Amino acid sequence: MTARNITRSGRPGRSHHWVLAVGLLPFLLGCPASDDRSADERDETPAAADQQARARGAMEGGATSTPRPAAGHAWVIFGADTVVAEVAATADERAEGLMYREEVPDGTGMLFVFQDNDVRAFWMANTYVPLDIAYMDPSYRIVDIVQMEPLVTDTYPSSAPAMFALEVRQGWFAEEGIGVGDQAEVVFGVGAGR
């Protein structure tokens with residue numbers, strides 16, 4: 001998914017205002033509050049299983065030290081639902097995004113971090129997986145959720161200014177009952193984003 005920063009007039013800004021964002025997400029799995037399936041049933045890699053265990057421990061308060069996501073990642077928590085997200089905080093990371101991915105497993109995604117709160121617009125060039133994008137304000141409150149179709153090069157703008165954008169598999173927000181106005185808690189890993 002690629003993003004372009006759009007000025008308030010709805011037209012692209014000057015070339016230094018353009019932001020191309022496309023999320024590439026390694027195989028990391030999310031952290032539901034309870035998941036009785038085995039690692040084989042969830043198709044977890046060892047790294048994803050470790051991430052899930054760390055996030056579950058953090059949510060349940062069972063860790064002796066403060067657990068954190070892996071470097072370059074964040075936990076985006078909506079009550080009992082957690083997305084283990086790769087953080088795209090630089091222009092290069094936002095430009096690459098989720099391009100060329102064959103799948104985006106449930107509970108995973110990409111969190112795009114911007115330095116200002118403005119109207120955002122993303123596109124799906126070279127992105128093969130249908131996605132939902134939740135645009136969020138500086139307090140991580142969802143201001144808009146948009147469904148995006150693979151390979152579409154028209155933009156999907158936010159209806160309100162946003163400082164963050166979270167991409168997940170299309171339909172995930174609706175399935176989890178997460179909508180506009182919902183508040184996320186975000187825990188960044190070392191060196192990720194904020």
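Here the structure is a predicted model, which is why all the values come from computation and not from measurement.
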Any chance you could measure [X], atom [atom1], to [Y], atom [atom2], to the nearest 0.5 Å?
X      : Y      : atom1 : atom2 : answer
Trp123 : Thr153 : CH2   : OG1   : 6.0 Å
Ile178 : Phe78  : CD1   : CZ    : 5.0 Å
Asn126 : Leu151 : CG    : CG    : 7.0 Å
Tyr128 : Met99  : OH    : CE    : 9.0 Å

Taking all heavy atoms of [X] and all of [Y], pick out the closest pair and write down the distance.
X      : Y      : value
Gly107 : Trp172 : N-NE1, 4.0 Å
Phe173 : Ala134 : CZ-CB, 3.5 Å
Thr155 : Ala121 : CB-CB, 3.9 Å
Gln147 : Asp132 : CG-OD1, 3.0 Å
Met124 : Pro130 : CE-CA, 4.5 Å
Asp182 : Gly177 : OD2-O, 3.8 Å

Decide yes or no for Val187 and Pro69: does some side-chain heavy atom of the first lie under 4.5 Å from some side-chain heavy atom of the second?
->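 Touching, per the 4.5 Å side-chain cut-off.
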
Should Glu93 and Val87 count as side-chain neighbours, where that means a heavy-atom distance under 4.5 Å?
->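 Not touching, per the 4.5 Å side-chain cut-off.
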
Test the Arg120-Phe114 pair against the cation-pi criterion, namely NZ or CZ under 6.0 angstrom from the six-membered ring centroid and within 45° of the ring axis.
-> yes

Are Tyr135 and Ile142 close enough, and set up right, to give a side-chain contact (heavy atoms from CB on, under 4.5 Å), and what steps lead you there?
-> CA-CA 6 Å; Tyr135 292 105; Ile142 297 175; over 6 Å; no

Measure the acute angle between the ring planes of Phe112 and Phe122, then classify it against the limits of 30° and 60° as parallel, tilted or perpendicular.
-> perpendicular

Distance-only, no hydrogens or angles: does the Thr127 side chain make a donor-acceptor pair with backbone N or O of Val129 under 3.5 Å?
->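 No, Thr127 side chain to Val129 backbone: no donor-acceptor pair under 3.5 Å.
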
Main-chain N/O of Gly72 paired with Glu86 side-chain donor or acceptor, under 3.5 Å = no

Could you list the residues that satisfy side chain to side chain donor-acceptor pair (under 3.5 Å) with Gln183, not counting sequence neighbours?
->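 With sequence neighbours excluded, Gln183 shows a side chain to side chain donor-acceptor pair (under 3.5 Å) to no residue whatsoever.
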
Residue pairs, two or more places apart or on separate chains, that pass salt bridge (Lys or Arg N to Asp or Glu O under 4.0 Å) and touch residues 138-151 | Asp137-Arg141

Reference residue Arg169; test salt bridge (Lys or Arg N to Asp or Glu O under 4.0 Å); the match among Glu176, Glu175, Glu103 =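 One option only clears the test, and that one is Glu175.
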
Pick out which of Val83, Val84, Val76, Val168 makes a side chain to side chain contact (heavy atoms under 4.5 Å, CB included) with Leu111.
->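 Single pass found, and it is Val76.
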
